[in-house]
Amino acid sequence: MSIIDESVLSLSEDEKQQFYLKYGRELVEEKAKEKGRKLTACVNTFGCQMNARDSEKLRGMLIEMGFQETESEEADLVLYNTCTIRENANTRVYGRLGYLHNLKKKNPDMFIALCGCMMQEKEVVEKIRKSFSFVDLVFGTHNLFCFPELFCTAFTSKRIVIDTEERNGLIVENLPNKRKFDFKSGINITYGCNNFCSYCIVPYVRGREKDREPEDIINEIKGMVADGVVEIMLLGQNVNSYGKTLKNPISFAELLRRVDEIEGLKRIRFMTPHPKDFTDELIEVIRDSKKVCHHVHLPLQSGSSKILEDMNRRYTKEKYLQLAAKIRKEIPDVALTTDIIVGFPGETEDDFLETVDVVRQVKYDSAFTFIYSKRTGTKAARMENQIPPEVSKDRFDRLLAEVQKYAREQCSKYEGREAEVLVESLNEQDPSLVTGRLDNNSVVHFPGCESMIGTIVKVRLNEAKGFYYLGEMVDQ
Ligand code: SAH
Ligand code: SF4
Ligand code: F3S
């Protein structure tokens, strides 16, 4: 088989990548013969659930091409799937590239590949070209499914291969993937984002919103369930705007209803909904379904209506509070979690106190708090009144203390009760314990063994320990 075989040109994108998977396998086998051992590959993932799911696809393709997976970066191939949501995500990758360079000096055959959101930034690619030319392959988020082709091209060339171009907005189905967990999985329902929150780089690096066909989603989940998956998480930057770009539009609530009907599936989660698109229909589906977990992640970002407008979030403090109250009323045992940014340009002490006020009113079960990070190309990066780091840091510390106070309170709510727990792993510190999650996402540790992983068991929540429970199994 030759890489420039003309017959490849007439294939569909799907078939073409299948062709390159086979060709890649030949290349890898040849190299393995030369070395007298299997080639190893290490995929390191940064960023969100979307990247984690992408990495499962990349791992699937690598395994199909004959690589053996390893956790160690002293491997024949190292692939970083990067994130660029905040500046420190980028700094980390540059730091680690220095370390990879040292490894490559010891093993000149080592293949280093970079992909993901950070690679969709022009300045980043320029910097890699100039300062990190030992990298073999750079690709982006739009052409992830071309990895077999790009790998073959880079593996057979002596020069760095860079390709971050979108291919006709295609969504390619049916590529291999290797799940991290046997019993749970993320599943993409939409790609990209149309919201352009003024601080956020995601719409620039992930492109416009593209929805997958409901049939494709349902069939993929059915396949996963047949394979032992009991919990799925529907993934998208704004899941509840799902369906608008389809030929036959359906709502996210309707999609949830259809997923709910899949036999054998036990738990359904989703990440991330946007407050502006949270309909009453959606609240009803969550309330009435036995499978949709009673956990809603409702990103606040700021409690000040003025800042929310500058952020282009398209809701006010009052609208948000009304929505949170409605969700709590309809689904009393719901866990509400959130994301908050402090130090957005122009944020005054009063604006910040509005955010603290929302935290006090909503009493989140947990919250991810971030210091605003300026992202090149976004609207907020061009705003005046950028906040001095020491002011942001002080607000961050005060907000965190507040958030933790309520999180502790919320997490003791179910002390003494019995609840169903999906066992996820052996406890990292104490192997006589297992660790699992309640429907509302709270973590529980209790005595158990490895064979329980992936099963749902009833546990008495004996003691709330701040951010988790200690419990014991009760007779089923
Ligand atoms: N689409 C999701 C997740 C986006 S990224 C959503 O809308 O919620 C996850 C979180 O990172 C965001 O919710 C936001 O709180 C934070 N974030 C995004 N851009 C940021 C920036 N420039 N600086 C600091 N935090 C940011
Ligand atoms: Fe970024 Fe806003 Fe889109 Fe979330 S909804 S990915 S914060 S632009
Ligand atoms: Fe990061 Fe990209 Fe996710 S920027 S947060 S990995 S969509």
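What you are looking at is a predicted structure, and each value in this text was computed from that prediction instead of being measured. Numbering of ligands and ligand atoms starts at 1, following listing order.
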Participant: List the closest protein heavy-atom neighbour of atom 6 (C) of ligand 1: residue, atom name, distance to the nearest 0.1 Å.
Facilitator: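 That would be Thr272 CG2, 3.9 Å.
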Participant: Do the charged groups of Glu261 and Arg258 touch, with an N to O distance under 4.0 Å?
Facilitator: no
Participant: Are Tyr372 and Phe344 near enough that their ring centres are under 6.0 Å apart?
Facilitator: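 For Tyr372 and Phe344, the ring centres are under 6.0 Å apart.
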Participant: Between Arg375 and ligand 1, does any nitrogen or oxygen pair lie at a separation below 3.5 Å?
Facilitator: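 No - when backbone and side-chain N and O of Arg375 are compared with those of ligand 1, no distance drops under 3.5 Å.
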Participant: Are Arg92 and Phe46 in a cation-pi contact, defined as NZ or CZ under 6.0 Å from the six-membered ring centre and within 45° of the axis?
Facilitator: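 Relative to the ring axis of Phe46, which defines the angle, Arg92 lies outside at least one limit.
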Participant: In this structure, does ligand 2 have an atom that sits under 4.0 Å from one of the heavy atoms of Arg313?
Facilitator: yes
Participant: Mind checking whether atom 1 (Fe) of ligand 3 has an N, O or S of Cys83 under 2.8 Å?
Facilitator: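 Short answer: yes, at least one N, O or S atom is under the cut-off.
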Participant: Are His297 and Asp339 close enough, and set up right, to give a side chain to side chain contact (heavy atoms under 4.5 Å, CB included), and what steps lead you there?
Facilitator: CA-CA 8 Å; His297 186 70; Asp339 291 348; 2.9 Å; yes
Participant: Does Glu87 come within less than 4.0 Å of Lys374, counting only side-chain N to carboxylate O?
Facilitator: no
Participant: What part of Pro299, side chain from CB on, backbone N/CA/C/O, both or neither, has a heavy atom under 4.0 Å from ligand 2?
Facilitator: neither
Participant: Show which atoms of ligand 1 fall inside a sub-4.0 Å distance from at least one heavy-atom site of Gln301.
Facilitator: 8 (O), 12 (C), 13 (O), 14 (C), 15 (O)
Participant: For atom 5 (S) of ligand 2, find the nearest protein heavy atom and state the residue, atom name and distance (0.1 Å precision).
Facilitator: Asn195 ND2, 3.3 Å
Participant: Using a 4.0 Å cutoff against the non-hydrogen atoms of Tyr372, which atoms of ligand 1 qualify?
Facilitator: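 With Tyr372 as reference, the close atoms of ligand 1 come out as 23 (N), 24 (C).
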Participant: Does NZ or CZ of Lys319 fall inside the cone over Tyr315's six-membered ring, less than 6.0 Å from its centre and within 45° of the axis?
Facilitator: no
Participant: Under 4.0 Å from any heavy atom of Ile341, which atoms of ligand 1 are there?
Facilitator: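 Contacts of ligand 1 toward Ile341, numbered from 1: 14 (C), 15 (O), 17 (N), 25 (N), 26 (C).
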Participant: Please work out, at 4.0 Å between heavy atoms, whether the side chain, the backbone, both, or neither of Cys193 comes within that distance of ligand 2.
Facilitator: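 Answer for Cys193: side chain.
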Participant: With a 4.0 Å cut-off on N to O distance, would you call Arg206 and Asp54 a salt bridge?
Facilitator: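 Here Arg206 pairs with Asp54 in a salt bridge, since their nearest N and O are under 4.0 Å apart.
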Participant: Checking a contact table here: which protein heavy atom is nearest atom 4 (C) of ligand 1, and how many Å away?
Facilitator: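 So the nearest neighbour among protein heavy atoms is Gln237 OE1, 3.9 Å.
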Participant: For the ring-ring contact (aromatic ring centres under 6.0 Å, His included) test, which of Phe151, Tyr80, Phe147 pairs with Phe139?
Facilitator: Phe147
Participant: Check ligand 3 against Asn51 and write out every atom of the ligand that is under 4.0 Å from a heavy-atom position of the residue.
Facilitator: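 Near Asn51, the atoms of ligand 3 are 6 (S).
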Participant: Tell me whether Lys405 at atom NZ has more than 12 heavy atoms from other residues, nucleotides or ligands lying less than 6.0 Å away.
Facilitator: yes
Participant: For ligand 1, which part of Arg313 has a heavy atom less than 4.0 Å away: the side chain, the backbone, both, or neither?
Facilitator: side chain
Participant: Indicate the ring-plane relationship of Phe111 and Phe155, choosing parallel, tilted or perpendicular according to the 30° and 60° boundaries.
Facilitator: tilted
Participant: With a 4.0 Å heavy-atom cut-off (strictly under), which part of Ile85 contacts ligand 1: side chain, backbone, both or neither?
Facilitator: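 Within the 4.0 Å criterion, Ile85 contacts ligand 1 through backbone and side-chain atoms alike.
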Participant: Quick one: look at Phe370 and ligand 1, take heavy-atom pairs under 4.0 Å, and tell me if it's side chain, backbone, both or neither.
Facilitator: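 For Phe370, only side-chain atoms sit under 4.0 Å from ligand 1.
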Participant: Is ligand 3 under 4.0 Å from a heavy atom in the side chain of Cys48, in the backbone, in both, or in neither?
Facilitator: both
Participant: Counting only heavy atoms closer than 4.0 Å, does ligand 2 sit against the backbone of Phe196, its side chain, both, or neither?
Facilitator: backbone
Participant: Which residue supplies the protein heavy atom nearest to atom 8 (S) of ligand 2, what is that atom called, and how far is it?
Facilitator: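 Here the closest protein heavy atom is Cys197 N, 3.4 Å.
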Participant: Of all the non-hydrogen atoms in the protein, which one sits nearest to atom 10 (C) of ligand 1, and at what distance?
Facilitator: Asp339 OD2, 3.4 Å
Participant: Does a donor on one side chain and an acceptor on the other come within less than 3.5 Å for Glu121 and Thr376?
Facilitator: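 Distance-only check fails for Glu121 and Thr376.
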Participant: Identify the protein heavy atom lying closest to atom 23 (N) of ligand 1, giving its residue, its atom name and the separation to 0.1 Å.
Facilitator: Ser373 N, 2.9 Å
Participant: Quick one: does Thr82's side chain have a donor or acceptor within less than 3.5 Å of a partner on Cys115's backbone?
Facilitator: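 Here the side-chain-to-backbone pair exists.
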Participant: Could you tell me whether Lys317 and Glu354 make a salt bridge, using a distance below 4.0 angstrom between a side-chain N and a carboxylate O?
Facilitator: yes
Participant: For the residue pair Asn143 and Asp163, confirm or rule out a side-chain donor-acceptor distance under 3.5 Å.
Facilitator: yes
Participant: For Asp333 and His294, test the side chains for any donor-to-acceptor distance below 3.5 angstrom and give the result as yes or no.
Facilitator: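 Yes.
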Participant: Nearest protein heavy atom to atom 20 (C) of ligand 1, by residue and atom, and its distance?
Facilitator: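 Atom 20 (C) of ligand 1 sits closest to the protein heavy atom Tyr199 CD1, 3.7 Å.
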Participant: What protein heavy atom sits nearest atom 2 (Fe) of ligand 3, and how far off is it?
Facilitator: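 Answer for atom 2 (Fe) of ligand 3: Cys117 SG, 2.2 Å.
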Participant: From the options Thr84, Thr45, Asn90, select the one whose nearest heavy atom is closest to atom 4 (S) of ligand 3.
Facilitator: Thr84
Participant: Taking only heavy atoms of Pro299 into account, list the atoms of ligand 1 that are under 4.0 Å away from them.
Facilitator: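 Reading through ligand 1 atom by atom, the close ones are 8 (O).
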Participant: What is the nearest protein non-hydrogen atom to atom 6 (S) of ligand 2, stated with its residue, atom name and distance?
Facilitator: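 Here the nearest protein heavy atom works out to Gln237 OE1, 3.4 Å.
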Participant: With ring centroids as reference points, do Phe370 and Phe396 lie under 6.0 angstrom apart?
Facilitator: no
Participant: Nearest to atom 7 (S) of ligand 3, what protein heavy atom do you find, and at what distance?
Facilitator: Gln237 NE2, 3.2 Å
Participant: Provide the number and element of each atom of ligand 1 under 4.0 Å from a heavy atom of Arg86.
Facilitator: 11 (O), 16 (C), 17 (N), 23 (N), 24 (C), 25 (N), 26 (C)
Participant: Which residue owns the protein heavy atom closest to atom 7 (S) of ligand 2, what's the atom, and how far is it?
Facilitator: Tyr199 OH, 3.4 Å
Participant: Just let me know how Asn238 lines up against ligand 2, side chain, backbone, both or neither, with a heavy-atom cut-off below 4.0 Å.
Facilitator: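 It is neither; nothing of Asn238 touches ligand 2.
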Participant: Kindly say whether Asp216 contributes a backbone atom to a donor-acceptor pair with the side chain of Asn219 at under 3.5 angstrom?
Facilitator: no
Participant: Is there an N/O/S atom in Cys200 that lies less than 2.8 Å from atom 1 (Fe) of ligand 2?
Facilitator: yes
Participant: Record the part of Arg206 in heavy-atom contact with ligand 3 below 4.0 Å; permitted values are side chain, backbone, both and neither.
Facilitator: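 Arg206 to ligand 3: side-chain contact only, backbone stays beyond 4.0 Å.
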Participant: Of all the non-hydrogen atoms in the protein, which one sits nearest to atom 24 (C) of ligand 1, and at what distance?
Facilitator: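 In this structure, atom 24 (C) of ligand 1 has Ile371 O, 3.4 Å as its nearest protein heavy atom.
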Participant: For side chain to side chain contact (heavy atoms under 4.5 Å, CB included), just list the numbers for Val78 and Met110, CA-CA rounded to whole Å, side-chain angles, deciding distance to a tenth of an Å, and then say yes or no.
Facilitator: CA-CA 8 Å; Val78 173; Met110 184 179 177; 3.5 Å; yes
Participant: Near Pro203, which atoms of ligand 2 are under 4.0 Å from a heavy atom of that residue?
Facilitator: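 With Pro203 as reference, the close atoms of ligand 2 come out as 8 (S).
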